[in-house]
Chemist: 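First, the structure itself, so that you have it in front of you.
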Amino acid sequence: MSTAEIVADAPAVMSPKEIIARRVAQEVEPDSLVNLGIGLPSLVANYLPEEVNVFFQAENGVIGLGARPPEGMEDVNLTDAGGGFVTAVPGAASIDSAMSFGLIRGGHLDMTVLGGLQVDERGYLANWMVPGKMVPGMGGAMDLVSGAKRVVVAMVHTAKGNHKIVPECTLPLTAARRVSLIVTEMAVIEPTEDGLVLRERGPGVSVEDIVAATGATLIVEGDIPEMRLA
Amino acid sequence: MKRAVKAAEAAELVPDGAVLLIGGFMGVGSPHRLIDALVARGAKDLTVVANDTAMPGHGIGKLVSAGAIAKAVVSHIGLNPETQAKMIAEEMEVELVPQGTLVERIRAGGVGLGGVLTQTGLGTPVEDGKQIVETGGKRYLLEPPIRGDYALIAARQADYVGNLEYSLTAHNFNPVMALAADHVIAEPEHIVPIGVISPDAVKTPGVLVDHMLERRAA
């Protein structure tokens with residue numbers, strides 16, 4: 001199939017966020033405990049097959065986070081970490097913050113999906129502040145990146161033309177830990193001891209496009225397949 | 001047996017300049033009637049330890065708007081632009097603490113531990129000025145305990161012993177904070193006769209609770 005045909009195919013109508021969410025959904029292992037960050041990462045839940053039997057944790061205090069309730073069915077005491085109304089699935093558990101972060105730091109959380117401002121060649125993530133501009137605070141992000149078994153960064157590849165995948169983060173780090181995977185609408189990149197390895201291309205995107213949109217050095221070996229989307 | 005007090009009476013107990021531990025996560029599980037009463041009595045110079053400052057006009061955000069807070073020790077202020085503006089204008093001091101570290105520091109303060117060793121924050125601005133401890137071949141940050149003068153706790157229901165039961169994601173920091181202050185004021189939605197709350201359902205034993213608000217008006 002030529003690049004032109006791929007571009008004309010279904011993925012061309014997908015937004016970057018949908019591409020990212022559909023690709024990250026494939027990283028979710030059956031029977032696992034997963035924490036999705038607010039915003040883009042939360043979209044991942046929309047693309048999971050029902051049979052994966054995943055429990056989602058919301059760090060404000062529920063294991064077994066469910067979909068948004070129908071209007072009129074909201075419980076003021078049941079929200080996600082962004083404060084939005086949610087439901088709890090059968091088998092859910094409500095927990096306090098000490099238990100919630102005990103699960104995160106204690107290695108009981110199989111995977112977290114977080115947004116990113118920058119990721120660098122060491123695989124270090126910065127996602128909690130832009131000095132002088134935006135200081136939202138780290139919330140649970142530092143604990144999640146330090147403690148989860150797998151950390152997947154889900155973010156658009158560039159921000160208003162600026163590189164987000166950079167040689168070294170210029171923003172304050174979230175943790176000095178190498179994240180497991182970076183998924184953007186253009187690429188799937190795996191941080192390794194040797195550097196950032198390009199694993200997959202986005203729909204209709206060439207390796208040259210990716211390299212040009214990436215501030216960091218990418219390790220490109222052999223044929224880079226196009227990502228399959230859930 | 002504990003006597004239930006009115007919100008305004010409870011707010012009079014809390015002096016200006018006090019260190020308050022306030023339960024809640026974006027206002028869910030926050031003691032809203034106590035917060036309203038503190039705003040109404042014009043409380044000031046408070047240090048507030050909480051997960052976040054909620055949003056303007058909601059929960060702890062009302063204390064921010066009223067100028068009642070001198071210092072906030074929180075993990076997140078992203079949904080309250082007013083807190084961010086006051087921090088930048090230096091009208092309010094803000095100490096940002098990772099959420100899991102914050103709850104464990106409060107727990108340490110409440111259960112008689114001298115601090116917490118955690119890897120969260122290593123290699124980030126959180127480690128500035130803190131001692132690093134190596135043990136078991138790993139590096140940890142030594143995080144100090146936190147205690148408050150008053151803990152303001154929201155619960156689903158209380159009995160007249162002061163036993164507290166919580167609801168869903170309204171647990172959050174409440175059960176831990178109830179351990180870590182010299183005086184604990186609980187704000188239950190309902191007060192039920194002794195025996196109605198099963199011992200298995202009690203998350204905060206009544207021995208920790210000093211004062212209890214009247215139940216919410218219907």
Side-chain angles (χ1 to χ4, degrees), chain A residues 38-39 58-65 75-88 92-106 122 124-126 128-129 131-147 169 171-177, chain B residues 23-29 51-55 58-59 72 74-81 83-84 87-88 94-104 106-107 110 118-127 139 154 156 166-177 179 189 203-204:
Chain A
I38 50 183
E59 67 268 25
N60 56 317
V62 62
I63 295 170
L65 185 71
D75 183 327
V76 294
N77 288 335
L78 185 52
T79 60
D80 62 18
F85 291 116
V86 293
T87 52
S94 53
I95 54 178
D96 66 27
S97 298
M99 170 66 89
S100 189
F101 282 86
L103 292 172
I104 291 167
R105 271 192 323 268
R122 300 167 296 181
Y124 291 176
L125 168 69
W128 66 281
M129 76 175 290
K133 282 190 182 166
M134 181 191 86
V135 190
M138 68 292 280
M142 287 188 176
D143 300 281
L144 285 160
V145 176
S146 302
C169 288
L171 299 173
L173 294 179
T174 306
R177 174 201 171 167
Chain B
F25 195 113
M26 298 297 170
V28 176
N51 179 62
D52 55 73
T53 56
M55 311 79 154
H58 184 60
V74 292
S75 80
H76 197 263
I77 57 174
L79 295 182
N80 195 330
T83 305
Q84 298 192 47
M87 178 180 72
I88 290 162
V94 176
E95 179 184 345
L96 291 168
V97 181
Q99 204 168 116
T101 300
L102 183 60
V103 72
E104 283 303 317
I106 298 166
R107 205 180 76 85
T118 179
Q119 296 194 301
T120 301
L122 280 175
T124 78
V126 171
E127 78 170 36
R139 297 169 75 243
R156 175 164 70 179
Y166 301 94
S167 174
L168 298 165
T169 56
H171 285 72
N172 55 67
F173 279 63
N174 285 297
V176 171
M177 285 178 165
L179 284 158
E189 288 175 38
K203 295 270 173 61
T204 297

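Below, chains carry the letters A, B, ... as their sequence lines are ordered, and counting in each starts from 1. Scope of the values below: all heavy atoms of this structure, side chains included, with no hydrogens, waters or symmetry mates.
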Chemist: To the nearest 0.5 Å, how far apart are CG in B:Asn172 and CG in A:Asp96?
Modeler: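 Here the rounded value is 8.5 Å.
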Chemist: So which atom in A:Pro172 and which in B:Pro125 form the shortest heavy-atom distance, rounded to 0.1 Å?
Modeler: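 Heavy-atom minimum between the residues: CB-CG, 3.7 Å.
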Chemist: Please flag which part of B:Ile106 lies under 4.5 Å from any non-hydrogen atom of chain A: side chain, backbone, both or neither.
Modeler: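 No part of B:Ile106 comes within 4.5 Å of chain A.
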Chemist: Closest approach of B:Gln99 and A:Gly140, non-hydrogen atoms and distance?
Modeler: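 Closest heavy-atom pair between B:Gln99 and A:Gly140: NE2-N, 3.6 Å.
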Chemist: For A:Ala81, is it the side chain, the backbone, both or neither that has a heavy atom under 4.5 Å from a heavy atom of chain B?
Modeler: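 Both backbone and side chain.
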Chemist: Between atom OG1 of B:Thr124 and atom CZ of A:Arg177, what is the distance when rounded to the nearest 0.5 Å?
Modeler: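 Between B:Thr124 OG1 and A:Arg177 CZ, I get 15.0 Å after rounding to 0.5 Å.
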Chemist: For A:Arg122, what residues pass the salt bridge (charged side-chain N to carboxylate O under 4.0 Å, His left out) criterion, not counting sequence neighbours?
Modeler: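 Residues passing salt bridge (charged side-chain N to carboxylate O under 4.0 Å, His left out) with A:Arg122: A:Asp120, A:Glu168.
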Chemist: If I measure from the heavy atoms of chain A, does B:Met87 come under 4.5 Å with its side chain, its backbone, both, or neither?
Modeler: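 Just the side chain, heavy atoms under 4.5 Å.
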Chemist: Is A:Ser100 close to chain B through its backbone or its side chain, or both, or neither, when contacts mean heavy atoms under 4.5 Å?
Modeler: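 For A:Ser100, no heavy atom lies under 4.5 Å from chain B.
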Chemist: Please classify the contact between A:Val76 and chain B as side chain, backbone, both or neither, with a heavy-atom cut-off of under 4.5 Å.
Modeler: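 Just the backbone, heavy atoms under 4.5 Å.
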Chemist: Looking at every heavy atom in both B:His171 and A:Ser94, which two are closest together, and how far apart are they?
Modeler: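 Closest approach of B:His171 to A:Ser94, heavy atoms only: CE1-OG, 3.7 Å.
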Chemist: Which atoms form the tightest heavy-atom contact between A:Ala98 and B:Glu104, and what is the distance?
Modeler: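 A:Ala98 and B:Glu104 have their closest heavy atoms at CB-OE2, 4.0 Å.
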Chemist: At a 4.5 Å cut-off on heavy atoms, which part of A:Leu144 comes close to chain B: side chain, backbone, both, or neither?
Modeler: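 No part of it gets close to chain B.
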Chemist: Restricting to ring pair (Phe, Tyr, Trp, His ring centres under 6.0 Å), what partner residues turn up for A:Phe101, sequence neighbours left out?
Modeler: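 None.
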Chemist: When heavy-atom pairs shorter than 4.5 Å are enumerated against chain A, which of B:Pro81, B:Gly27, B:Gly100, B:Gly123 gives the highest number?
Modeler: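 Highest number of pairs under 4.5 Å: B:Gly100.
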Chemist: Can you check side-chain contact (heavy atoms from CB on, under 4.5 Å) on B:Leu96 and A:Met142, steps first, answer last?
Modeler: CA-CA 12 Å; B:Leu96 291 168; A:Met142 287 188 176; over 6 Å; no
Chemist: What distance separates B:Tyr166 OH from A:Asn77 CG, expressed to the nearest 0.5 Å?
Modeler: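 Atom-to-atom, B:Tyr166:OH and A:Asn77:CG are 12.5 Å apart.
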Chemist: Is B:Glu189 in contact with chain A via its backbone, its side chain, both, or neither, using a 4.5 Å heavy-atom distance?
Modeler: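 Answer is side chain: those atoms of B:Glu189 sit under 4.5 Å from chain A.
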Chemist: Please identify, among B:Ser75, B:Gly78, B:Pro175, the residue contributing the most non-hydrogen atom pairs under 4.5 Å to chain A.
Modeler: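 Sorted descending by pairs with chain A, the first entry is B:Ser75.
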Chemist: Would B:Leu168 and A:Asp75 count as a side-chain contact (heavy atoms from CB on, under 4.5 Å) here? Give the steps.
Modeler: CA-CA 9 Å; B:Leu168 298 165; A:Asp75 183 327; 3.4 Å; yes
Chemist: For the CD1 atom of B:Ile88 and the NZ atom of A:Lys133, what is their distance to the nearest 0.5 Å?
Modeler: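 Reported to 0.5 Å precision, the distance equals 12.0 Å.
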Chemist: Testing B:Thr118, B:Thr120, B:Thr101 for side chain to side chain contact (heavy atoms under 4.5 Å, CB included) with A:Ser146, which one passes?
Modeler: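 That would be B:Thr120; it is the only one of B:Thr118, B:Thr120, B:Thr101 passing the side chain to side chain contact (heavy atoms under 4.5 Å, CB included) with A:Ser146.
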Chemist: Tell me, for B:Pro98 versus chain A, whether the close heavy atoms (under 4.5 Å) come from the side chain, the backbone, both or neither.
Modeler: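 Both backbone and side chain.
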Chemist: Taking atom CG of B:Asp52 and atom CG of A:Asn60, what is their separation to the nearest 0.5 Å?
Modeler: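 These two atoms lie 10.0 Å from each other.
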Chemist: Please identify, among B:Val126, B:Val94, B:Val103, the residue contributing the most non-hydrogen atom pairs under 4.5 Å to chain A.
Modeler: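 Winner by heavy-atom pair count: B:Val103.
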Chemist: For B:Gln84 versus A:Val135, what's the shortest heavy-atom pair and its separation?
Modeler: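 Answer, listing the atom of B:Gln84 first, then A:Val135: OE1-N, 3.5 Å.
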Chemist: On a heavy-atom basis, which atom in B:Phe173 and which in A:Ser97 lie closest, and how many Å separate them?
Modeler: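 Heavy atoms of B:Phe173 and A:Ser97 come nearest at CD1-OG, 3.2 Å.
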Chemist: Between A:Ala141, A:Gly139, A:Ala176, A:Gly61, which has the largest tally of heavy atom pairs under 4.5 Å with chain B?
Modeler: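 It is A:Gly139.
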Chemist: Specify which of A:Val145, A:Leu173, A:Asp80 makes the most heavy-atom pairs with chain B at under 4.5 Å.
Modeler: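 Between A:Val145, A:Leu173, A:Asp80, the count favours A:Leu173.
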Chemist: Under a 4.5 Å heavy-atom cut-off, does chain B meet the side chain of A:Leu78, its backbone, both or neither?
Modeler: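 Both parts, backbone and side chain.
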Chemist: Of the backbone (N, CA, C, O) and the side chain (C-beta and beyond), which part of B:Val97 lies under 4.5 Å from a heavy atom of chain A, both, or neither?
Modeler: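 Contact with chain A is through the backbone of B:Val97 alone.
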